[in-house]
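Beneath this line is the structure, given in structure tokens, with notes to follow.
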Amino acid sequence: MSAPIKVKRLNSKDEGFKETLLSSLSLPMADDAAIDAAVAKILLAVKEKGDEAVLGFTKQFDRLNANHVSELEISRKELEQAYKTLPLEQKTALDIAAQRVRTYHEKQKIEAGCHSWEYEEADGTRLGQKVTALDRVGIYVPGGKAAYPSSVLMNAIPAKVAGVAQVIMVVPTPDGARNPLVLAAAHLARVDRVFTIGGAQAVGALAYGTKTIPSVDKIVGPGNAYVAAAKRRVFGIVGIDMIAGPSEILVLCDGASNPDWIAMDLFSQAEHDEQAQSILLCPDAVFIEAVQASINKLLPEMPRAKVIEASLVNRALLIQVKDMDEACEIANAIAAEHLEICAAEPRKWAEKIRHAGAIFMGNYTSEALGDYCAGPNHVLPTARTARFSSPLGVYDFIKRSSMIEVSESGAQSLGEVASTLAHGEGLQAHARAAEMRLKK
């Protein structure tokens, strides 16, 4: 049995608490000069040499030999076959998850202003907004040590619901190992093309385009530090969803929950990697101690115990607060990626939350359900960016154009206004363009 660990404790009444808390929070991924330099070289090579560079880097990093990039593409028939040959239990689970994700995002499309609109003024002038989907989107799906079929669903389904015509998926397959669940998820999500490439070279291929791989309008999906650095560099040439940092969970608990449940919920993010952060806010000191005991009881039985332990020892916090009102105030300052409210009246406290990527309400709503099958998107803002960012959604795959049709009558009144303001700015051509349409 491994030795007990001690998670760092804080108390909101302690002097310097706010400063200590803020210094302990996950921060945006720091720019690593070596990584950025390596990524810059890879992107330049892909931009200049296209398929040749992609083949070279794929051989170097993933140990895949191919004579042409077309050999790295997985056909839609292969995707369908992967789905058909899944074990029944996995197939059923994937079906349910995909349908729930699709249903949620179809509802989101209706309710979140992802549609065109128009109104007409009394003089016949018509104003509005035209909403159109992006033409082509690239989704990056991590591969290698782990496989993420859930990421395929969360990235591709809202794009298709939005009306994106073509979704191009890239997924690294080191040594040629292809995960059937990932391929099956691509089939269910209606991905159009799949290439077995990864890393910065995949981001570059999607951004610049090659002879075989078409350029896209936006790149979404998680990846390692090299992928993040590449996305940051190609932003502006293409759109990106976000630069994601380490995963986070914040649990607000009134002290009346099962401490084993809370400990496991903290584990659920800690097992991602050593930099993940798990935080508990609770007014009950006895319950916090019970959670600490549960952590030491449950940790030895976890397959990823070493990763969880490193995350908890270095990044986790067990924080005693004055009451649940103060817990909500602190939660807004943290602006966590995942926020669980394990309390008797979760909706009461949720009303006080302004900043969180996703809010999980009630003792039975584990964050894990949101990761896989609840329906809302699991691609969420990290590193306090929930203060100004939102989960990935249908709205990320559309764009808006303003629609303006001024009537002859409207041009008379608006022309006077525009002329006055244009002269005030010293832009006489603007003024004359409006004045020439005036009757007088």
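Predicted model, so just to flag it, every value in this text is computed and none were measured. Reckoned from all heavy atoms, side chains included, excluding hydrogens, waters and symmetry mates.
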Taking side chain as C-beta onward, heavy atoms only, is [X] less than 4.5 Å from [Y]?
X: Q201; Y: F61; result: yes
X: L312; Y: S278; result: yes
X: L188; Y: Y83; result: yes
X: E416; Y: Q412; result: no
X: L10; Y: K8; result: yes
X: V379; Y: V220; result: no
X: C342; Y: V251; result: yes
X: L317; Y: L280; result: no

Residue among [options] satisfying side chain to side chain contact (heavy atoms under 4.5 Å, CB included) with [X]:
X: V194; options: I74, V167, V152; value: I74
X: V161; options: R102, Q108, R190, K107; value: R102
X: I197; options: V203, T58, L64; value: T58
X: F235; options: I240, I243, I219; value: I240

Shortest non-hydrogen contact from [X] to [Y]?
X: R233; Y: V39; answer: CD-CG1, 4.1 Å
X: F17; Y: N11; answer: CD1-O, 3.5 Å
X: P142; Y: P222; answer: CG-O, 3.6 Å
X: T365; Y: F360; answer: O-CB, 3.5 Å
X: R315; Y: A276; answer: CB-O, 3.3 Å
X: L252; Y: A331; answer: CD1-CB, 3.9 Å

Judged by atom type as modelled, is there a donor-acceptor pair below 3.5 Å linking the side chain of K439 to the main-chain atoms of S409?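 No; judged by distance alone, with no hydrogens or angles, the pair does not exist.
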In terms of side-chain heavy atoms, does [X] have a donor or acceptor partner in [Y] at a distance below 3.5 Å?
X: E274; Y: S311; answer: no
X: E435; Y: H423; answer: yes
X: Y148; Y: N155; answer: no
X: K399; Y: T132; answer: yes
X: T103; Y: E106; answer: no
X: E337; Y: S247; answer: yes
X: D51; Y: T212; answer: yes
X: Q269; Y: E367; answer: yes
X: S401; Y: Q129; answer: no

Rounded at 0.5 Å granularity, tell me how far [atom1] in [X] sits from [atom2] in [Y].
X: S150; Y: H378; atom1: OG; atom2: NE2; result: 4.5 Å
X: W349; Y: L339; atom1: CH2; atom2: CG; result: 13.0 Å
X: M154; Y: Y104; atom1: CE; atom2: OH; result: 10.0 Å
X: R400; Y: Y395; atom1: CZ; atom2: OH; result: 10.5 Å

Before accepting this row, confirm whether a basic side-chain N of the pair [X]/[Y] lies closer than 4.0 Å to the acidic partner's carboxylate O.
X: D217; Y: R136; result: no
X: E78; Y: R178; result: yes
X: K348; Y: D254; result: no

Could you walk me through whether R193 and E73 satisfy the salt bridge (charged side-chain N to carboxylate O under 4.0 Å, His left out) test, starting with their C-alpha distance in whole Å, then the side-chain angles of each, then the deciding distance to 0.1 Å, before giving a yes or no? CA-CA 7 Å; R193 299 180 72 180; E73 183 171 4; 2.8 Å; yes
Steps toward salt bridge (charged side-chain N to carboxylate O under 4.0 Å, His left out) verdict (E329, K352): CA-CA 8 Å; E329 292 177 17; K352 297 177 180 288; over 6 Å; no
Please determine whether the number of non-hydrogen atoms from other residues, nucleotides or ligands lying under 6.0 Å from atom [atom1] of [X] exceeds 12.
X: H355; atom1: NE2; answer: yes
X: K91; atom1: NZ; answer: yes
X: R63; atom1: CZ; answer: yes
X: D175; atom1: CG; answer: yes
X: E408; atom1: CD; answer: no
X: R387; atom1: CZ; answer: yes
X: F388; atom1: CZ; answer: yes

Take R76 and E80 through the test salt bridge (charged side-chain N to carboxylate O under 4.0 Å, His left out) and record every step on the way to the result. CA-CA 6 Å; R76 296 183 73 171; E80 183 179 9; over 6 Å; no
State which residue, out of D135, D396, D241, fulfils the salt bridge (charged side-chain N to carboxylate O under 4.0 Å, His left out) condition with K218.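 Answer to the salt bridge (charged side-chain N to carboxylate O under 4.0 Å, His left out) test with K218 among D135, D396, D241: D396.
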For side-chain contact (heavy atoms from CB on, under 4.5 Å), just list the numbers for H338 and L250, CA-CA rounded to whole Å, side-chain angles, deciding distance to a tenth of an Å, and then say yes or no. CA-CA 6 Å; H338 307 97; L250 172 63; over 6 Å; no
